[in-house]
Amino acid sequence: MGFRLALVCSAIVLLSISGLSHAGVTSSYTRVAEPSEEMPLETFPPPAGLNAPEQVHITQGDHNGRGMIISWVTPINDDGSNFVKYWITDSDESTKESAEASTSSYTYYDYTSGFLHHATIKGLKYDTKYFYELGTGRSSRRFSFTTPPKAGPDVPYTFGVIGDLGQTYASNQTLYHYMSNPKGQAVLFVGDLSYADDHPNHDQRKWDSYGRFVEPSAAYQPWIWAAGNHEIDFAPSIGETQAFKPYKNRYHVPYRASKSTSPLWYSIKRASAYIIVLSSYSAFDKYTPQNSWLESELKKVNREETPWLIVLVHSPWYNSNGYHYMEGESMRVTFEPWFVENKVDIVFAGHVHAYERSERVSNIKYNITDGLSSPVKDPSAPIYITIGDGGNIEGIANEYTYPQPSYSAYREASFGHALLEIKNRTHALYTWHRNQDDEPVIADSLWVKNRHFLPEEEETLSGDSSA
Ligand SMILES: [Fe+2]
């Protein structure tokens, strides 16, 4: 409680000292409280008990929010190890239901995975807390989750936003800062999970330790996954030529429910939000599967039912950091006109290990001959947020381009996470929480106005002093 109070007080102080807009801020904050040094494998031993289920994580299992995919790993494929039992928390034992998982294992260079189980539960009641139990006998483990309310325009819902997390001491701080705030109901994850590929031969044990690391959150609320470059694991020099092999084996998503043909791009509805996940590292030009899917997908969004249209993609389109500068440019050129036409509210990206928020801008006038190649303010354009600041092994991205481009509203080379608190069809409170020593401190916040119901200009609520 004291901690929450401190957070609220920090927010009030920031609000009171900065009532006006801080467009174009480069934050001077540079402290990094914890090093982006990986926690050793021994930090995350498997749970006790014979064949105990581990690396438990859940994600939405259908398009509407009445399904959940439950995923876990067991060392052996014993009788009963591939079943999940589940029941509404206040119901009696006789109402327990059970679902069977699909079970598989994969090899990668000299590594063979445990048995990866994925069970999809469907037909859940909306807005209801469930228990679920995995494993057998004394090794069984119990978890819980709460389903979202039925989709509707004024259904409040709070998403956490995390990217490029990895498994360092800084990642640990980011994850526990997010978890220490009870508001977050589901996580929007913008790619780059374990960073196993930064180790010799893409040490797959790091995928296991990552699964154990995020379990305290990911077993209890859905993480909506997008894939980043660290999920590609394409390594022909060691005979591994199937891109995204570990990721696709370990993290299942409900892509078929949105008529997608690949788990790398898909959509879900959750409460008042429509979430579209894209893949920076799959073909997206005209005539490709991702392009065709997105074109028809955008037509399906009913803003009267889900006013908040949010896109997750790994490589940012508007990024003024020196790191990964312009890597997202070809996808921006391809898709940006659609995003403006469809009035996407926010695009969350990762990849760059720092934080940045854009103004509402578009750059869609250029047609080779007219020379109109500068971003311009556009009330129909999304806000682009780069939040690859989870704190992974590769460290902070702290080399900005100068002068700060006019499209860049706030940028800071720190680690942290964000919350998007959707209140109703017109307003959502967005806050970015930097890891400042042992506390998450709100360093950037904004009342986001919905592009369909209230396409007015927003004013920044708080921000650090200008550099
Ligand atoms: Fe990345």
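Basis for what follows: all heavy atoms, side chains included, without hydrogens, waters or symmetry-related copies. When a ligand or atom number is given, it counts from 1 through the structure's own listing order. The shown structure was predicted, so the numbers you read here are calculated from the model rather than taken from an experiment.
Listed for the Ser408 side chain is no donor-acceptor partner under 3.5 Å among the backbone atoms of Pro405.
Here 4 is the count of protein N, O or S atoms positioned under 2.8 Å from the Fe ion (ligand 1), waters not counted.
Across every non-hydrogen atom of Ile422 and Ala428, the tightest pair is CA-CB, 3.8 Å.
Close placement of the Phe339 and Trp317 rings is indicated, their centers lying within 6.0 Å of each other.
Ion pairing between a basic and an acidic side chain is recognised when a charged N comes within 4.0 Å of a carboxylate O; Arg212 and Glu215 show no such pairing. Between Glu458 and Arg451, at least one side-chain N (NZ, or NE/NH1/NH2) sits under 4.0 Å from a carboxylate O, which counts as a salt bridge.
Under the side-chain hydrogen bond (donor to acceptor under 3.5 Å, both in side chains) test applied with Asp444, the options Tyr430, Tyr355, Trp432 reduce to a single match, Tyr355.
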